[in-house]
**Q** 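Here it is, the structure, as structure tokens.
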There are 2 protein chains.
Amino acid sequence: MPTETFLNLSEEKRQRFIEAALKEFADHNYDTASVNRIIKELGIARGSVYQYFTDKLDLWLYLKEYSEQQKMNVIQSVDRKAFTNFWDYYRALFTQGIHFDLQHPLCSRFLYRIGYKESSKEVSNYLDGWKSKAKLMFTHWVEEEKEAGTINPSIPTELAVHFLISMSTSITELLQNKYEVNFDENFKNGKPLIASNITEFQLAVNELIQLLAKALT
Amino acid sequence: MPTETFLNLSEEKRQRFIEAALKEFADHNYDTASVNRIIKELGIARGSVYQYFTDKLDLWLYLKEYSEQQKMNVIQSVDRKAFTNFWDYYRALFTQGIHFDLQHPLCSRFLYRIGYKESSKEVSNYLDGWKSKAKLMFTHWVEEEKEAGTINPSIPTELAVHFLISMSTSITELLQNKYEVNFDENFKNGKPLIASNITEFQLAVNELIQLLAKALT
DNA sequence: TACATTTGTGACAACCTTGTCACATATCCA
DNA sequence: TGGATATGTGACAAGGTTGTCACAAATGTA
């Protein structure tokens with residue numbers, strides 16, 4: 001939890017701080033992320049950080065909550081009821097994912113890291129939340145779609161969920177393979193991961209969903 | 001490259017060293033892995049390590065090559081020509097993967113880490129090799145199977161390859177979800193990840209391959 | 001203006017890391 | 001046995017890390 005002092009900061013100061021911290025924790029694992037680099041980047045004193053947060057862990061937890069909230073705000077704008085077809089809904093979720101990446105590139109990269117690259121024992125207790133949440137959501141959907149006839153009931157729910165989640169997360173890698181140069185460039189320049197390849201991304205998503213649908217129907 | 005001194009070491013000494021080093025680099029990222037912990041575990045002097053290897057990086061590269069070689073030895077025993085059906089071949093590869101994990105648990109965990117969790121800039125130049133190799137192999141297969149009629153030619157090769165690789169690698173996660181407790185136990189005790197769940201693993205693999213086949217046919 | 005409160009500072013301690021190197025010990029060979 | 005070579009040792013330097021704390025500056029308040 002950030003201190004009163006941090007919350008009392010001017011909007012601009014706070015945002016500048018969050019951005020610098022996010023960048024550090026997006027570029028490095030928890031263990032190798034350095035408070036020194038953050039303050040150097042911001043040009044502030046070491047003590048300030050510890051007047052805002054009790055800990056490195058405290059700061060990390062705040063950034064995690066902050067980023068998840070940002071993502072939630074974007075994702076939850078997609079309403080399941082607005083789609084009759086499950087796969088259309090699924091596709092819409094991906095599209096919102098793109099928008100999130102474009103609007104919050106640092107959050108996006110940070111969440112990607114803590115979701116798939118982080119392995120520090122210091123934070124391992126806090127890594128499960130997101131995934132198990134997603135699992136619950138997908139499980140719910142799969143069971144619904146099994147009844148609705150969209151998903152073959154003979155396929156174990158657990159397997160279908162794994163299939164869907166695993167594909168959702170690996171799409172980034174697919175695009176990295178396809179548009180290698182741009183991804184690296186964007187990362188270096190601190191741009192959103194997807195950047196200008198939106199249409200290609202949409203095409204890849206469509207192809208992928210077709211495969212998923214074929215497998216699970 | 002290890003020095004003459006290291007290669008001259010007695011088989012037992014060398015193996016003990018490799019195991020301790022593998023354990024350290026399997027449990028920690030490159031940056032946070034500690035030579036101090038390795039020597040403490042082995043009860044040897046700091047200087048010895050630097051008489052065997054010039055560098056921490058040099059040691060890491062050796063362990064990488066060593067582990068990859070171990071895996072190759074196991075995997076290459078599966079001959080494509082021994083199978084008329086591609087999916088049978090694919091299934092056999094998984095089975096060999098189980099054997100590798102059972103016979104070389106440390107190598108298995110180390111390779112898993114450098115394949116999916118590593119993000120240190122120090123070693124980033126050396127991380128691509130394995131993946132691009134796998135991609136080449138899978139690409140070759142997919143193209144063959146397209147001609148043979150096993151895989152639908154209208155599916156882009158890139159997509160099919162991504163599908164296969166992504167599923168191959170995420171199977172571990174599926175099993176972790178299913179048999180959470182056992183996995184944690186095995187990890188703590190330094191046992192192979194899969195251990196006693198071989199039959200369950202085989203079942204999960206079969207189910208998964210059925211889905212893959214359905215999607216790609 | 002004068003005082004109280006909040007915010008900012010950076011030297012510092014304590015602890016880690018890697019790689020070195022002069023020295024000690026063990027092993028081999030004649 | 002004696003001398004050369006190979007192997008083992010651990011204190012050390014140089015650099016990094018986090019969190020602290022007495023103090024300085026800015027801001028709010030009366």
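It should be emphasised that the depicted structure is a prediction, and the values quoted were computed from it without experimental measurement.
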**Q** Can you name the residues that form a ring pair (Phe, Tyr, Trp, His ring centres under 6.0 Å) with B/F6, not counting sequence neighbours?
**A** B/F17, B/Y52, B/F53, B/Y62

**Q** Just how far, in rounded Å, is P of D/dT17 from CG of A/N29?
**A** 15 Å

**Q** Would B/K56 pass as a cation-pi partner of B/Y30, given that its NZ or CZ must be under 6.0 Å from the six-membered ring centre and within 45 degrees of the axis?
**A** yes

**Q** Tell me which residues in residues 31-43 of chain A lie within less than 4.0 Å of DNA chain C, going by non-hydrogen atoms.
**A** none

**Q** Using the ring of B/Y112 (Phe, Tyr or Trp, six-membered ring only), decide whether B/K117 places NZ or CZ under 6.0 Å from its centre and within 45 degrees of its axis.
**A** no

**Q** Under 6.0 Å between the ring centres of B/F163 and A/F163?
**A** yes

**Q** Near DNA chain D, under 4.0 Å by heavy atom, which residues of residues 44-53 of chain B?
**A** B/I44, B/A45, B/R46, B/G47, B/S48, B/Q51, B/Y52

**Q** By side chain to side chain contact (heavy atoms under 4.5 Å, CB included), which residues pair with B/R80, not counting sequence neighbours?
**A** B/F83, B/F86, B/Y89, B/E145

**Q** Starting at NZ of B/K13 and ending at P of D/dA6, how long is that distance when rounded to a whole Å?
**A** 16 Å

**Q** A/K56 has an atom NZ; how far is it from atom C1' of D/dG19, in whole Å?
**A** 12 Å

**Q** Any side-chain heavy atom of A/E158 sitting closer than 4.5 Å to one from A/V161?
**A** no

**Q** To the nearest Å, how far apart are B/N8 CG and D/dG8 C1'?
**A** 15 Å

**Q** Holding to side chain to side chain contact (heavy atoms under 4.5 Å, CB included), I want the full list of residues that pass it with A/K13, two or more places apart in sequence or in another chain.
**A** A/L9, A/S10

**Q** Quick one: salt bridge (charged side-chain N to carboxylate O under 4.0 Å, His left out) partners of B/R46, sequence neighbours excluded?
**A** none

